[in-house]
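This report refers to the structure that appears directly beneath it.
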Amino acid sequence: MKEVAGIYCRLSEEDRFKKCREDDSESIQNQKSMLITYAVEQGWEIYSIYSDDDYTGADRNRPEFNRMLRDAEDGKINIVLCKSQSRFSRELEIVEKYIHGYFLLWNVRFVGVVDNADTALRGNKKARQINGLVNEWYLEDMSESVKSVLNDKRSKGLHIGSSAAYGYKKDPEKKGHLVIDAEAAAVVHEIFERYAAGYGKTEIAKELNHREVPSPFLYKCLTGEYIGKGNGSNGKFAHLWRYHSVNNILHNQMYIGNMVQGKSATVSYKIKKKYYRSKEQWYIVEHTHEPIIERELWDKVQSLLGKAAKPQRSGKVSILSGKVVCAGCGYALKVSHTRGKRYLRCKVNERLEDICQGCCISEDFLKQKILEAYKEMIRQYLNEEQAESLVTVPGSDNRREQKKAVQKEVTKHRQEQKQCEAALKELYMDRVKGNITIEEYRTFSESFSKDIDRYEMLIADGQRRLEEIGRQEKETLSKKEIIKKYADIHELNYDIMNIFVDRIEVGRRNGRQEEYPVKIYWKF
């Protein structure tokens with residue numbers, strides 16, 4: 001079979017010094033040069049060079065990495081050549097899935113030059129798996145270390161975000177400190193004053209849009225603070241002021257000089273999906289920077305915000321309050337009553353038909369749609385959990401069997417270590433008695449000492465694996481408890497809406513037979 005190689009390179013985390021983003025890093029250039037030379041020496045044909053610059057080994061969305069996997073699956077390459085296994089991935093799960101799984105099905109050979117990883121060599125698999133395990137520990141340790149450093153900075157009131165809150169900018173002379181951005185701060189102050197004077201959030205947003213005041217996202221783009229390809233979390237409405245953008249500013253303690261951070265966090269170093277943390281888990285440090293809003297105005301606004309939700313005729317605040325917006329213009333829908341029923345309507349459409357087509361939906365119907373979508377989401381989550389529990393990496397069993405196997409290995413290594421220690425003592429006695437020479441003693445004692453150190457490392461590795469299995473068991477139990485608590489829901493309540501729902505967009509229905517276009521944005 002013709003041997004066709006795909007060379008994969010990735011920037012190492014330590015190499016951050018590049019002339020510009022468009023240039024390959026020195027590390028990437030060195031990898032390419034070494035791997036091309038190696039492939040030529042082996043007589044392999046090079047199909048393509050896949051290069052991911054500025055991506056970590058835990059990132060599963062590396063564009064060139066995924067292009068390489070597609071080419072391997074399509075049979076365009078039958079050798080994947082890397083500097084080392086860690087350049088391919090630092091995640092043991094990915095190593096097992098592809099190098100020890102799919103690559104075998106696709107008849108693809110993996111070669112890591114520096115660490116001698118080669119799937120064509122018998123007996124090489126255990127070494128590769130140990131390397132994968134070490135890389136996995138490296139990722140976890142690095143994640144915990146970075147998290148610890150960042151949390152320490154948050155607790156001290158140092159700003160660590162990529163950009164400052166609207167109205168502030170990073171202090172160029174003092175790292176972690178914020179200074180007022182006069183232009184944006186004036187807008188923030190106006191928002192507070194208008195709300196205190198009785199203007200609603202939607203009306204404030206409309207006025208700012210009418211005067212073509214840049215939204216926070218657009219302002220950051222115009223000032224060069226944000227450089228990105230997308231339109232931000234607000235999608236096509238990111239350039240406009242909206243109900244939520246005004247609402248977020250009115251609730252933000254940053255404007256009275258308090259540093260507020262840690263509102264959200266990622267699930268783990270493997271799963272980058274974010275979730276919202278409870279307010280008790282936020283990092284709030286008072287008086288860290290100059291306030292934009294004086295305390296008297298802040299207190300007045302907070303008092304008004306607490307009374308802002310309009311009650312239903314029953315006297316209770318709707319569980320949909322502040323959650324439902326028009327898909328056409330992005331503004332919050334207002335409650336109206338027709339024939340004894342509650343409807344949510346777009347009021348912008350009533351005044352500006354040329355800007356928004358508007359929408360109207362029965363509140364009861366929308367609640368039913370949300371409930372059905374929620375149940376479907378929970379069902380899919382449970383199915384995914386069940387599917388994940390059925391999937392095991394090649395050569396492994398379930399956690400209980402893994403735990404027994406690791407415990408057995410640790411016990412064996414301890415026994416072997418004790419045997420080496422006993423042999424070393426016996427060797428010492430032979431030297432004292434003159435049965436062996438000094439040279440013989442040094443040679444044998446060095447060998448036994450190395451074996452003792454090796455077993456010590458293997459025992460430590462086993463203990464870490466047992467701890468990881470225990471941690472996974474606890475996480476599984478925690479997830480099951482959460483699902484058990486919220487899975488069997490037959491009616492929407494405040495907890496479900498507040499914990500799971502970020503916002504709901506309702507579009508205009510064209511024709512009586514067409515389904516209402518409803519899009520729910522979950523918080524996780």
Side-chain angles (χ1 to χ4, degrees), residues 195 198-206 234-237 240-248 250-251 304-380 486-523:
Y195 191 81
Y199 289 89
K201 300 167 192 175
T202 301
E203 285 72 22
I204 294 173
K206 282 177 57 181
N234 292 330
K236 61 182 179 180
F237 305 115
L240 294 174
W241 283 93
R242 304 169 67 215
Y243 173 92
H244 288 290
S245 52
V246 173
N247 184 63
N248 290 339
L250 293 172
H251 283 87
L304 291 172
L305 287 171
K307 304 172 184 177
K310 295 181 180 180
Q312 303 179 29
R313 291 180 178 179
S314 62
K316 296 181 179 179
V317 176
S318 171
I319 61 175
L320 302 179
S321 178
K323 296 285 186 181
V324 189
V325 299
C326 174
C329 62
Y331 288 103
L333 300 186
K334 302 298 182 181
V335 176
S336 65
H337 298 82
T338 303
R339 297 177 182 176
K341 291 187 177 180
R342 289 169 58 89
Y343 290 85
L344 298 173
R345 299 180 185 273
C346 176
K347 296 296 183 179
V348 174
N349 168 257
E350 294 179 6
R351 296 187 291 268
L352 302 169
E353 293 183 0
D354 55 330
I355 292 180
C356 178
Q357 293 183 348
C359 63
C360 176
I361 189 170
S362 163
E363 187 179 74
D364 290 339
F365 178 83
L366 181 57
K367 286 181 180 179
Q368 185 60 34
K369 291 279 291 185
I370 298 169
L371 181 61
E372 291 172 359
Y374 172 78
K375 289 182 177 180
E376 177 62 17
M377 181 194 67
I378 293 296
R379 186 189 66 79
Q380 290 181 5
Y486 292 106
D488 191 21
I489 297 294
H490 302 290
E491 185 177 359
L492 284 184
N493 55 45
Y494 289 99
D495 286 341
I496 296 299
M497 294 300 297
N498 292 330
I499 294 172
F500 293 94
V501 180
D502 181 27
R503 72 182 190 278
I504 303 157
E505 288 184 356
V506 178
R508 182 181 180 84
R509 185 179 67 164
N510 297 320
R512 294 185 177 181
Q513 301 303 319
E514 186 178 328
E515 183 71 17
Y516 280 96
V518 174
K519 189 171 184 179
I520 302 173
Y521 292 86
W522 306 103
K523 285 186 176 180

Results of side-chain contact (heavy atoms from CB on, under 4.5 Å) for [X] - residues two or more places apart only:
{"X": "Lys375", "result": "Leu371, His490"}
{"X": "Tyr516", "result": "Ile361, Phe365, Arg509, Val518"}
{"X": "Glu491", "result": "none"}
{"X": "Val324", "result": "Leu320, Leu333, Leu344, Leu366, Ile504, Val506"}

Criterion side-chain contact (heavy atoms from CB on, under 4.5 Å) on Tyr343 and Glu363, from CA distance to verdict: CA-CA 5 Å; Tyr343 290 85; Glu363 187 179 74; over 6 Å; no
Are His337 and Val335 close enough that some pair of their side-chain heavy atoms sits under 4.5 Å apart?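 Yes. Closest side-chain heavy atoms under 4.5 Å.
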Less than 4.5 Å apart, side chain to side chain, heavy atoms only: is that true for Arg242 and Val325?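 The answer is yes; the side chains approach within 4.5 Å.
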At their closest point, which heavy atom of Arg508 faces which heavy atom of Gln357, and how far apart are they?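 Shortest heavy-atom contact: NH1-O, 2.8 Å.
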Which heavy atom of Leu305 sits nearest a heavy atom of Tyr195, and at what distance?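 Taking Leu305 first and Tyr195 second, the nearest heavy atoms are CD2-OH, 3.4 Å.
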Check salt bridge (Lys or Arg N to Asp or Glu O under 4.0 Å) between Glu372 and all other residues, then give those that pass, not counting sequence neighbours.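 Result, salt bridge (Lys or Arg N to Asp or Glu O under 4.0 Å) vs Glu372: none returned.
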How far does OG of Ser362 sit from CZ of Arg342, to the nearest 0.5 angstrom?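 Output value for this atom pair is 10.0 Å.
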If you measure from CD on Glu505 to NZ on Lys519, what distance do you get to the nearest 0.5 Å?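 If I round to the nearest 0.5 Å, the distance is 6.5 Å.
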side-chain contact (heavy atoms from CB on, under 4.5 Å) between Cys346 and Cys329, intermediate numbers included: CA-CA 9 Å; Cys346 176; Cys329 62; 3.7 Å; yes
Under the ring pair (Phe, Tyr, Trp, His ring centres under 6.0 Å) test, which residues partner Tyr243, sequence neighbours left out?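 By the ring pair (Phe, Tyr, Trp, His ring centres under 6.0 Å) rule, Tyr243 matches no residue at all.
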Note: Arg379-Glu376 ion pair, threshold 4.0 Å (strictly below):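 Answer for the salt bridge query: yes.
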Is any NZ, NE, NH1 or NH2 atom of the basic residue among Glu203 and Lys201 found under 4.0 Å from an Asp or Glu carboxylate oxygen of the other?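 No salt bridge links Glu203 with Lys201.
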Ser336: what forms a side-chain hydrogen bond (donor to acceptor under 3.5 Å, both in side chains) with it, not counting sequence neighbours?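 Only Arg345 meet the side-chain hydrogen bond (donor to acceptor under 3.5 Å, both in side chains) criterion with Ser336.
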Using modelled atom types only, decide if a donor and an acceptor are shared between the side chain of Lys347 and the backbone of Lys334 within a distance under 3.5 Å.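 Not at all, since once roles are kept as given, no pair shorter than 3.5 Å links the two residues.
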Please assess Cys326 against Tyr331 for the test side-chain contact (heavy atoms from CB on, under 4.5 Å), listing each intermediate value before the final yes or no. CA-CA 6 Å; Cys326 174; Tyr331 288 103; 5.5 Å; no
